[in-house]
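Here is the structure we will look at.
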Amino acid sequence: MTGVVDSGVRQETRTPPLAMVVGPTRQAPSVLEKLSEPAPPLTDPGFIAEFGRCLRRLREVVGTTTGAVAVVPGSGTIGMESIALSLLQPGEPVLVVSTGMWADRWRDICLRNHIPAVALEVAPGQAPDLGRVDEALRETRFQAVLVAHADSSTGVRADLAEIAKRARQHDALCFVDGVSAIGAEEVEFDDWGLDVYLGGPSKALASAPGLGIYALSERAVRRMRDRTWIPSTFALDLAPWLPVMAATERGEFAYFQSPASNSVVALSESLRLVLAEGRQARVDRHARLRDRLHAGLAALDVQVLVADVRDRANGVTVCVVPEGIEEHDLLRAVADEGVVVQAGTLVTAGGERTFRFGHMGVVDAADVDRALAAVSAGLSRCRAGR
Ligand SMILES: *Cc1c(COP(=O)(O)O)cnc(C)c1O
């Protein structure tokens, strides 16, 4: 909460602001404890054992026994580019199934790296049109289909099982940007037939930023091994990491680049927390909190961008700024109520502005209620011109 002192300057009182953001998100105390430990040397047997546990927990969280897993330094965007450079052959087209701005990023990364990209777009807030995916795959031979699991610019969740099935029918690989989904959405990497799943540490996993988190199918691993082209990157190539990760899982030391060791130890703890809560229980908690938020927003007459409830992501919500209110004024009024929500990154098909909530990771019903109360008060203030 904030208070006003005599000088008119707003000052923090005891309750710190609540950040309902997409990331980095609030970290659990046990994760913060891990982050405060000295960085272990990369050859330290205790560290290698912890890194191995981290990788095994990752397998369990994404649902793979047959694939390869990797945790390497980087951001989500670096991860997307690493995947493109490591697995995609320049000159061969890819299909980008768009549900928002993260598809634009996939496309831009591909185009910059001489990989032709065809984007299948939908109106903001709409899920992919599977019929058009079928049609596109029938018309052109694509080497891969690229999609975001949960797009944080629209709040749309894509049906990965259906998209991966279609990719496979046409012998295309399926690469998923799950940066804002892992830890909040169901992922069944093996069962759904995904080829690459990219996760991020600092969104629904509520861990330290600075890591790329990967699962790769046997098909994807084979594709890297059998590359007939030389990737135009050294540092971002995922291929040299795979034997290092396999060695780490066996408890042996191997080196390609220095691991982000503090972040790895913190991630291991975050993944332990996911498994301790239970994979399904965690997904259910996020879905419940999303529904609670959406019911509250409906009561305030605030429109959620994604119309169809089945297409709504569990951890992020994009809303339309109500008519007659300036986005900037609304964000400030809500912040004055002690809750941070974020500006939207897109306008609707009708030209309306949007704003966003993250509700992922370390979050509960009280947080959602506090956010709703702040939005309610913020809207009243804006309407009263205060
Ligand atoms: C945040 C995000 C990214 C990018 O992650 P950075 O670490 O900021 O580069 C990619 N995809 C999605 C869906 C995201 O939400």
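Counting starts at 1 for both ligands and their atoms, in listed order. Side chains are part of it too, since the values below use all heavy atoms of this structure and drop only hydrogens, waters and symmetry mates.
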Arg57 and Ser268: side chain donor to acceptor below 3.5 Å: yes

Whether Arg219 side chain and Gly193 backbone form a donor-acceptor pair below 3.5 Å: no

Identity and separation of the nearest protein heavy atom to atom 5 (O) of ligand 1: Gly76 CA, 3.4 Å

Flag, side chain of Ser86 to backbone of Leu238, donor-acceptor distance under 3.5 Å: yes

Interfacing atoms of ligand 1 (cut-off 4.0 Å, heavy-atom, Ala150): 13 (C)

N or O pair under 3.5 Å between Val179 and ligand 1: no

Side-chain H-bond candidate by donor/acceptor type, Gln89 with Arg227, under 3.5 Å: no

Among Asp151, Thr77, Thr154, Asp177, closest by any non-hydrogen atom to atom 12 (C) of ligand 1: Asp177

Verify atom 8 (O) of ligand 1: protein non-hydrogen atom under 4.0 angstrom away: no

The one among His149, Glu81, Lys203 that brings a heavy atom closest to atom 1 (C) of ligand 1: Lys203

Arg138 and His170 side chains, donor-acceptor separation under 3.5 Å: no

Option set Ala204, Ser152, Pro24, criterion heavy-atom distance to atom 15 (O) of ligand 1, minimum: Ser152

Min heavy-atom dist Gly79 to ligand 1 below 4.0 Å: no

Close-contact set for ligand 1 against Ser75 heavy atoms, below 4.0 Å: 7 (O), 9 (O)

Residue pair Thr66 / Glu218, side-chain donor-acceptor N/O under 3.5 Å: no

Short side-chain donor-acceptor distance under 3.5 Å, Ser152 and Trp102: yes

Ligand-residue contact atoms, ligand 1 with Ser180, heavy atoms, under 4.0 Å: 13 (C), 15 (O)

